[in-house]
Amino acid sequence: MTTTTSTDSANADSGGIYVLAAHPHWRDSRVNRRLLAAARSVPGVEVNDLYGSYPDFSIDIEAEQARLAKASLVVLLHPIQWYSMPALQKLWVDDVLGYGWAYGPGGTALQGKDLWLAVTTGSPEQSYHPQSYHRYFFDAFLPPYEQTAALCGMRFLPPLVFHGARSASEADVAAHVDVFAQRLGSYPEWPELEELDACIACPVPEADRPAEHDEAASASGAFQSAMAHGLRSISAANEEAENDGKKGTA
């Protein structure tokens, strides 16, 4: 069962905010857990704790697509793990943002919407530097998020990043949570939105993505061919062994 806020009815029409929160260990979370609570406190915001909703990793694709269709702003809230998103968040992207729905021919369901990344890192900001152990500035790890938005015709908003979640002071954590809640509550009245370019169009030619039934048929044909070859080899080997046996008893 999906975990959402009590304001679900407020999102019956388009124009709402959908927050997808993903953290595999909420009990160990110092910042994301408070960001999740803050999002739930903002009127008109629908919040989905993915690990609470789908503990078996079986995502309800139709339900998720319906929630996305109602939203103008989609928020990805999670800690950065191995320079990317948690596993269930990635599975959500793989399953829900389908070809022909979110991108590709006919995939226009998300065009014109906004995507906002709200993430935390365990390491301090200075560790994301060519001379430190992460070797790159943090922005170097954002292109997969930005291009996912672009492929779906979404506008990628400037991310909200909180570095050093493990060692930050209580005052810094509280201030960040307040900023997050304020931003949710004031969307789309963000001054910087006027300066952002329109959504990038990234059409996918049909020739670059063969129909799934063709792929399945090709795979099935290859499998059957391999099976037939294997059976012929086994039959030939058995026949040869039988002939050798006959020679031995002659």
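By convention here, the first residue in the shown sequence is residue 1.
- Of all heavy-atom pairs between Tyr145 and Leu115, the closest is O-CD2, 4.2 Å.
- Under the 3.5 Å distance criterion, the side-chain polar atoms of Lys113 are matched with a main-chain donor or acceptor of Ala71.
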| query | Do Gln182 and Tyr187 pass the side chain to side chain donor-acceptor pair (under 3.5 Å) test, and can you show the C-alpha distance, the side-chain angles, and the key distance before you say yes or no? | reply | CA-CA 9 Å; Gln182 184 275 329; Tyr187 177 85; over 6 Å; no
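- Once rounded to the nearest 0.5 Å, the distance linking CG of Asp28 with CZ of Arg166 reads 10.0 Å.
- Not one N or O on the side chain of Thr108 forms a donor-acceptor pair closer than 3.5 Å with the backbone of Gln111.
- Once rounded to the nearest 0.5 Å, the distance linking CD of Glu46 with CZ of Arg40 reads 11.5 Å.
- For the atom pair CG of Asp197 and CZ of Phe156, the computed distance is 14.0 Å after rounding to the nearest 0.5 Å.
- Under the 4.5 Å side-chain heavy-atom criterion for ILVMFWY residues, a single connected hydrophobic cluster contains both Tyr136 and Met85.
- Of the possible donor and acceptor atoms, none in the side chain of Ser132 sits under 3.5 Å from a partner among the backbone N and O of Tyr128.
- Panel note: side chain Trp116, backbone Pro158; a donor-acceptor pair is recorded below 3.5 Å.
- Cluster annotation: Phe57 is connected to Trp92 through the hydrophobic network of ILVMFWY side chains, with a link wherever side-chain heavy atoms come within less than 4.5 Å.
- Under the 6.0 Å cut-off for aromatic ring centres, Tyr51 and His25 do not qualify, their centroids lying 6.0 Å or more apart.
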- Item | Chi angles and distances behind the side-chain contact (heavy atoms from CB on, under 4.5 Å) call for Asp49, His23 | CA-CA 8 Å; Asp49 165 15; His23 197 302; over 6 Å; no
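- Look at Arg155 and Glu194 and you find no salt bridge, because none of the NZ, NE, NH1 or NH2 atoms lies under 4.0 Å from a carboxylate O.
- With contacts defined as side-chain heavy-atom distances shorter than 4.5 Å, the pair Phe138/Val161 qualifies.
- Glu64 has its side chain within reach of Leu20: a pair of non-hydrogen atoms, C-beta onward, lies under 4.5 Å apart.
- A distance of 6.5 Å separates CD of Glu170 from CZ of Arg30, quoted to the nearest 0.5 Å.
- In terms of heavy atoms, Val119 sits closest to Leu76 at CG1-O, 4.5 Å.
- To the nearest 0.5 Å, the span separating CG on Leu110 from OG1 on Thr148 amounts to 11.5 Å.
- Considering every non-hydrogen atom in both Cys202 and Leu151, the closest pair reads O-CD1, 3.7 Å.
- One N or O on the side chain of Ser29 and one on the backbone of Asn32 form a donor-acceptor pair closer than 3.5 Å.
- Counting heavy atoms from C-beta outward, Leu160 and His176 have side chains that approach closer than 4.5 Å.
- Hydrophobic clustering of Ile, Leu, Val, Met, Phe, Trp and Tyr side chains at less than 4.5 Å, counting indirect connections, unites Trp82 with Leu117.
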Apply ring-ring contact (aromatic ring centres under 6.0 Å, His included) to Tyr83 and Phe141, showing your working. CA-CA 6 Å; Tyr83 312 106; Phe141 302 105; 4.7 Å; yes
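- Between Ala118 and Phe180, the shortest heavy-atom contact is CB-CE1, 3.8 Å.
- Residues Asp56 and Ser58 meet the side-chain proximity criterion, which asks for heavy atoms closer than 4.5 Å.
- The hydrophobic clustering, which links ILVMFWY residues whose side-chain heavy atoms are closer than 4.5 Å, places Leu142 and Phe137 apart.
- Under a hydrophobic clustering in which Ile, Leu, Val, Met, Phe, Trp and Tyr are joined whenever their side-chain heavy atoms come within less than 4.5 Å, directly or via other members, Trp190 and Leu196 fall into the same cluster.
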Practice problem: Kindly indicate, with the supporting measurements, whether the criterion side-chain contact (heavy atoms from CB on, under 4.5 Å) is fulfilled by Val75 and Leu73. | Solution: CA-CA 6 Å; Val75 183; Leu73 174 65; 3.9 Å; yes
Point to revise | Test side-chain contact (heavy atoms from CB on, under 4.5 Å) applied to Ser72 and Ile17, step by step | key: CA-CA 6 Å; Ser72 291; Ile17 298 175; over 6 Å; no
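- With hydrogens and angles ignored, the 3.5 Å screen pairs a side-chain donor or acceptor of His129 with a backbone N or O of Gln131.
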### Task
Show the numbers, then the answer: is there a side chain to side chain donor-acceptor pair (under 3.5 Å) between His134 and Ser123?
CA-CA 9 Å; His134 287 306; Ser123 305; 3.0 Å; yes
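- Between the CG atom in Asn48 and the CG atom in Leu36 there is a gap of 10.0 Å [rounded to 0.5 Å].
- Put simply, the side chain of Pro79 reaches to within 4.5 Å of the side chain of Pro86, judged on heavy atoms.
- Leu50 and Ala22 make their closest contact through CD1-CB, 4.2 Å (heavy atoms, listed as atom of the first residue, atom of the second, distance).
- Side-chain contact between Ile59 and Leu88 is present, with heavy atoms from C-beta onward closer than 4.5 Å.
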Step by step, would you call Val74 with Asp114 a side-chain contact (heavy atoms from CB on, under 4.5 Å)? CA-CA 6 Å; Val74 179; Asp114 288 332; over 6 Å; no
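- Between Pro188 and Leu193 the shortest heavy-atom distance is O-CD1, 3.3 Å.
- Phe162 has its side chain within reach of Val173: a pair of non-hydrogen atoms, C-beta onward, lies under 4.5 Å apart.
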